[in-house]
Amino acid sequence: MFKQITIIGLGLIGSSLARVIRARGLAEKIIAADGSDSVCEKVAELGLADIVTSDIRQSVVGSDLVILSVPVGAMSAVGALIGPALHPGSIVTDTGSVKAAVAEALGPHIPSSAHLVPGHPIAGTEYSGPEAGFSTLFEGRWCILTPLPTTELGPVEKMTRFWEACGSMIEIMGPEHHDLVLGITSHLPHLIAYTIVQTADDLEGDIKSEVIKFSASGFRDFTRIASSDPVMWRDIFLSNKEAVLEMLQRFNEDLTALQKAIRRGDGDYLFDTFSRTRAIRAQIIEQGQADYRTSDQVRQEGTPPAAGLHTGSDLSE
Ligand code: NAP
């Protein structure tokens, strides 16, 4: 599909891409570039690419596809480095979890001879680094493309075929709409998980140790989400500020309503609310987006997921 693909940032997502590109023969040559020497050493040791380098600018020379898989806050600096070295006609994409800020950060650095097609695979786990990746991560998961108004159709179609070849289903939408949708489906749930775990951590003495002991009653799932990479999530909240604050405002209002219902003993309100939320879960199951295996399960079982069964956590995206 491509002659030479450069992947910049070989963490969970970048290394999973390197694996699936190789497994499905999507490029003749893979170049892996990372700012960290220890990551480069690990990538070379795992044999994930044909060339591994920490020279970010040089890594894109001659590539017809360049994928930026660094934290959102690093996109602008990487864009400035690679812009002058991009091959005319090449496609530049990214995997960042926020789209309006990334388009703004990358847009000015990409020359008009190259094509910018931002993207976001809705697949992930709470782990990071090149060892955390696996080739089936994108299987059966959505990938959202957010082309700019100036992006030509050809490169968008090519990226659609690329992500389909990685196992994903494609949706195209505007960056602001993406950020609102992900604000409620991913960013707010992470914020809530970080808060609950922090609240438990602030408890004292016996009660705190019992929280850990009896964590299987619900708390445990929040701790998994709240163990997600701090750099990645700091950058997401700082770059999707408006959408997250809007969703947080709505959430606070709904929480206050539930608080009032509990205080007043309004069982009907609680029952109606919980019945509505149960119906949402039923819709997610119906659309085949409920079942997943964590990366731990995939590793333990050693086999890729069956069709329609998803890898990655529902929330670490
Ligand atoms: P990750 O595992 O932390 O990997 C990021 C890699 O980029 C690290 O090796 C990091 O090196 C490197 N890096 C950081 N700054 C750099 C720079 N300026 N130049 C070159 N390399 C640099 O992150 P990830 O989970 O793969 O996420 C990558 C991107 O995909 C993020 O934008 C994230 O929002 C998005 N995403 C993540 C998920 C998820 O669930 N994890 C899902 C979908 C999309 P150091 O570690 O040394 O800094």
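Note that ligands are numbered from 1 as they come in the structure, with each ligand's atoms numbered from 1 the same way. By convention here, the first residue in the shown sequence is residue 1.
Residue contacts with ligand 1 for Glu126 are absent, since no atom lies close enough (heavy atoms, distance under 4.0 Å). Here Ile56 has side-chain heavy atoms under 4.0 Å from ligand 1, and that is the only part of it that gets that close.
The option with the heavy atom closest to atom 44 (C) of ligand 1, from among Thr95, Asp37, Asp94, is Thr95. With Pro121, Ser128, Gly119 as candidates, the residue nearest to atom 3 (O) of ligand 1 on a non-hydrogen basis is Ser128. For atom 10 (C) of ligand 1, the nearest non-hydrogen atom from the set Val39, Asp34, Leu10 comes from Asp34. One option in Pro230, Ser15, Ser69 has a heavy atom closer to atom 28 (C) of ligand 1 than any other, and that option is Ser69.
Dense packing is recorded around NZ of Lys208, with more than 12 heavy atoms of other residues, nucleotides or ligands lying under 6.0 Å away. Environment of CG in Asn252: crowded, with over 12 heavy atoms of neighbouring residues, nucleotides or ligands closer than 6.0 Å.
Within the listing of ligand 1, atoms 1 (P), 2 (O), 4 (O), 6 (C), 26 (O) sit less than 4.0 angstrom from a heavy atom of Gly11. Within ligand 1, counting atoms from 1 as listed, the ones closer than 4.0 Å to a heavy atom of Val72 are 32 (O). Against a heavy-atom cut-off of under 4.0 Å, Ala74 is close to the following atoms of ligand 1: 15 (N), 18 (N). For ligand 1, the atoms closer than 4.0 angstrom to any heavy atom of Gly96 are 32 (O). In summary, the atoms of ligand 1 found under 4.0 Å from a heavy atom of His120, numbered by their order in the structure, are 43 (C), 44 (C). Ligand 1 places these atoms under 4.0 Å from at least one heavy atom of Gly124: 40 (O). Near Gly9, the atoms of ligand 1 lying under 4.0 angstrom from a non-hydrogen atom of the residue are 6 (C), 7 (O).
For the atom pair NE2 of His178 and CD1 of Ile144, the computed distance is 4.5 Å after rounding to the nearest 0.5 Å. Atom CZ in Phe251 sits 14.5 Å away from atom CD in Glu246 (nearest 0.5 Å).
In summary, the side chains of Glu253 and Gln249 do present a donor paired with an acceptor at a separation below 3.5 Å, with no hydrogens or angles considered. Counted by atom type alone, Thr277 and Arg281 present zero donor-acceptor pairs between their side chains at under 3.5 Å. The closest side-chain donor-acceptor pair between Gln4 and Ser63 falls under 3.5 angstrom. Between the side chains of Thr95 and Ser69, a donor-acceptor pair is found at a separation under 3.5 Å.
Checked by distance only, ligand 1 and Gly129 come closer than 3.5 Å through their nitrogen or oxygen atoms. In terms of N/O distances under 3.5 Å, ligand 1 is approached by Leu12. Every N/O-N/O distance between Val78 and ligand 1 stays at or above 3.5 Å. For Ser97, a nitrogen or oxygen atom sits less than 3.5 Å from a nitrogen or oxygen atom of ligand 1, counting backbone and side chain alike. For the pair Gly35 and ligand 1, the shortest N or O to N or O distance falls below 3.5 Å.
Heavy atoms of Ala77 come nearer than 4.0 angstrom to ligand 1 in no pair at all. The shell of residues lying under 4.0 angstrom from ligand 1, judged by heavy atoms, includes Ala123. The shell of residues lying under 4.0 angstrom from ligand 1, judged by heavy atoms, includes Thr125.
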### Task
Could you walk me through whether Lys213 and Glu210 pass the salt bridge (charged side-chain N to carboxylate O under 4.0 Å, His left out) test, one step at a time?
CA-CA 5 Å; Lys213 187 170 164 187; Glu210 280 174 346; 5.4 Å; no
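Ring geometry, Trp233 versus His190: the interplanar angle falls under 30°, so the pair is classed parallel (tilted spans 30 to 60°).
A distance-only check finds a donor-acceptor pair linking the side chain of Ser168 to the backbone of Phe138 [under 3.5 Å]. The backbone N or O of Glu139 lies less than 3.5 Å from no partner atom in the side chain of Thr136, so there is not a single donor-acceptor pair.
Ile51 and Val60 end up in different hydrophobic clusters when Ile, Leu, Val, Met, Phe, Trp and Tyr side chains are linked at under 4.5 Å.
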